Protein chains: 2
Amino acid sequence: MAVAGAPLSRSEAKDLTRRRLMRAGFAILDAEGEAGLTTVKVARAAGIAQSSFYVHFKDRQDLLRALGEQAGERLREAMREARMRSGEAPDDRERLRAAFRLPLEAICRHPELFRIGLRARHDPASPLREYALATAAAYRAHFVADLTAMGFPVADEGDRRRLEMIADGVGALTNAMALGHLEGRYPDLEEAVDVLVTFSRGYLRLLRPPRRPFNGI
Amino acid sequence: MAVAGAPLSRSEAKDLTRRRLMRAGFAILDAEGEAGLTTVKVARAAGIAQSSFYVHFKDRQDLLRALGEQAGERLREAMREARMRSGEAPDDRERLRAAFRLPLEAICRHPELFRIGLRARHDPASPLREYALATAAAYRAHFVADLTAMGFPVADEGDRRRLEMIADGVGALTNAMALGHLEGRYPDLEEAVDVLVTFSRGYLRLLRPPRRPFNGI
DNA sequence: AATTTCACCGATAGTACTATCGGTGAAAAA
DNA sequence: TTTTTCACCGATAGTACTATCGGTGAAATT
């Protein structure tokens with residue numbers, strides 16, 4: 001807690017208020033869904049008048065847009081970092097587990113962003129939808145890159161599509177395991193990693209010898 | 001088209017109107033999401049006055065409840081039927097493919113119910129949520145039963161949970177493939193079946209010899 | 001034939017929210 | 001010090017929707 005009232009400049013104070021609005025927006029979105037996010041609620045939660053909301057955002061849609069953008073950025077950043085770190089594992093077996101564990105941990109570190117994205121992805125009316133789809137696409141691209149680096153055959157259009165489908169499947173599996181963990185059904189994250197490894201044995205049979213050093217899945 | 005005005009009894013006419021409201025409700029829910037479903041729109045689409053909506057449903061929530069219930073019933077029924085039919089295949093290989101193909105086809109026969117359920121499942125404020133969760137649970141139970149029948153080891157609590165997790169994963173994979181197909185990314189459903197078979201090779205290694213005749217996955 | 005029932009209608013009260021406007025005081029600029 | 005800027009406020013017009021009410025006519029019942 002602050003010792004005394006900090007001497008904030010005007011722009012610093014405004015920035016702080018905006019951040020409070022964003023934080024309140026995420027909390028409401030997670031707890032009550034998109035329909036529950038009103039200018040009245042978000043302003044009250046941030047400690048300002050409803051009308052002052054419009055000092056920071058053009059309208060309600062503008063806030064949703066900003067929330068979607070930030071959520072997408074943060075999740076992609078977390079996923080990117082997880083991918084970087086999966087290369088640090090000592091051996092192939094641990095590297096494979098890390099390639100599954102780190103994204104799961106990244107998701108569990110931001111459960112509200114994950115849930116919000118999952119919801120928005122399927123809602124045709126959501127302004128957040130485009131960001132949710134972009135995040136899902138980035139996730140898929142991440143797995144496609146990993147599998148390609150590991151020597152997954154991509155000779156023709158059919159191979160290419162199969163690769164996309166498998167990457168899509170790995171994403172869906174990861175989401176399902178993360179959701180089960182967040183909902184308390186799968187208390188041990190390591191068991192979730194086990195299951196992902198089990199499924200992966202199916203498609204890893206398709207690999208050719210790697211072209212360049214193993215860097216992920 | 002009807003040759004002339006059918007001589008409907010009063011209760012038949014009322015039933016018809018109610019069905020029109022339900023049909024309109026599904027269409028709006030699919031196209032615009034839950035927030036887009038208003039008594040004004042659904043009544044207009046069904047060709048009655050907004051106030052007459054309340055002759056058929058207690059309130060807006062009551063309609064959503066009825067829609068959720070019916071969507072869940074229909075999807076579960078379609079899935080149950082698919083499961084029955086997967087036993088008809090000539091050999092083990094075809095039986096496995098049928099166990100993946102038939103649920104996919106069942107989903108693709110009711111794309112709007114599938115999308116509505118997918119959305120509601122993640123929305124904390126949705127009255128449809130309970131039905132979506134029930135459908136997902138039934139789906140999981142279906143796969144659990146199949147795997148158990150095939151000889152999946154269930155010695156302790158850990159085995160049991162792993163089985164649940166794998167069933168959960170198979171459901172997530174099926175949904176992902178169905179969604180990709182409905183969105184036009186995976187035009188050939190047979191390729192989606194291929195991918196599901198590929199993933200299944202991972203967990204089928206865990207099987208013990210089947211206790212009773214193969215009846216599914 | 002007389003009476004009752006009821007699906008439907010238009011009108012409207014009530015509610016919740018969005019977005020705008022003019023005013024205020026303290027920070028920032030002059 | 002004087003002037004300007006601007007984040008914030010309360011008030012409120014406007015919008016969209018929910019749910020109720022009394023009335024109506026044709027079907028159903030008597």
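Remember, predicted model here, so these are calculated numbers, not experimental data. Chain A is the first sequence line, chain B the second, and so forth, proteins listed ahead of strands; every chain is numbered from 1.
Between B:His122 and A:His122, the angle of the ring planes stays under 30°, which puts this pair in the parallel group of the 30/60° scheme.
Atom CD in B:Gln61 sits about 13 Å away from atom C1' in D:dA19, given to the nearest Å. Taking atom NE2 of A:His56 as the reference point, atom C1' of D:dC6 lies 11 Å away to the nearest angstrom. B:Ile48 has its CD1 atom 6 Å from the P atom of C:dC9, to the nearest Å. Between A:Asp59 atom CG and D:dT15 atom C1' the separation is 15 Å, expressed in whole Å. Counting to the nearest Å, the C1' atom of C:dC21 and the CZ atom of A:Phe53 are 18 Å from each other. Taking atom CZ of residue A:Phe57 and atom P of nucleotide D:dA7, one finds them 13 Å apart after rounding to whole Å. The CZ-P distance, from B:Arg44 to C:dG10, rounds to 13 Å in whole Å. For the pair A:Arg60 CZ and C:dT20 P, the computed distance is 15 Å after rounding to whole Å.
Contacts between residues 14-33 of chain B and DNA chain C, counted as heavy-atom distances below 4.0 Å, involve B:Lys14, B:Thr17.
Contact check on A:Arg95 versus A:Asp146 returns no salt bridge, with no Lys/Arg side-chain nitrogen under 4.0 Å from an Asp/Glu carboxylate oxygen. Ion pairing between a basic and an acidic side chain is recognised when a charged N comes within 4.0 Å of a carboxylate O; B:Arg161 and B:Glu164 show no such pairing. Ion pairing between a basic and an acidic side chain is recognised when a charged N comes within 4.0 Å of a carboxylate O; A:Glu130 and A:Arg65 show no such pairing.
Using N1 to N3 plus N6-O4 or O6-N4 for Watson-Crick, or N1-O2 and O6-N3 for G-U wobble, each under 3.5 Å, D:dG22 pairs with C:dC9.
In the set D:dA19, D:dG10, D:dA28, D:dA19 carries the atom at the smallest distance from any side-chain atom of B:Tyr54.
The shortest distance between the side-chain N/O atoms of B:Thr39 and the OP1/OP2 oxygens of D:dT18 is below 4.0 Å. Side-chain nitrogen and oxygen atoms of A:Ser52 include none within less than 4.0 Å of the OP1 or OP2 phosphate oxygen of D:dA7. Considering only side-chain N and O atoms, B:Arg10 lies nowhere under 4.0 angstrom from the phosphate OP1 or OP2 of D:dA28.
Residue B:Gln50 is tested with B:Val40, B:Thr38, B:Val42 for a side chain to side chain contact (heavy atoms under 4.5 Å, CB included); the sole match is B:Val40.
Ranked by how close their nearest DNA chain D nucleotide is to the 5' end, B:Ser51 and B:Ser11 are led by B:Ser51. Each of B:Gln50 and A:Lys41 was assigned the nucleotide of DNA chain C with the nearest heavy atom; the assignment lying further toward the 5' end belongs to B:Gln50.
Dense packing is recorded around CZ of B:Arg185, with more than 12 heavy atoms of other residues, nucleotides or ligands lying under 6.0 Å away.
Under the rule for a salt bridge (charged side-chain N to carboxylate O under 4.0 Å, His left out), A:Arg10 has no partner lying at least two apart in sequence or in another chain.
At a threshold of 4.0 angstrom between heavy atoms, the contacts of A:Thr38 are confined to the sugar-phosphate backbone, with no base atom among them.
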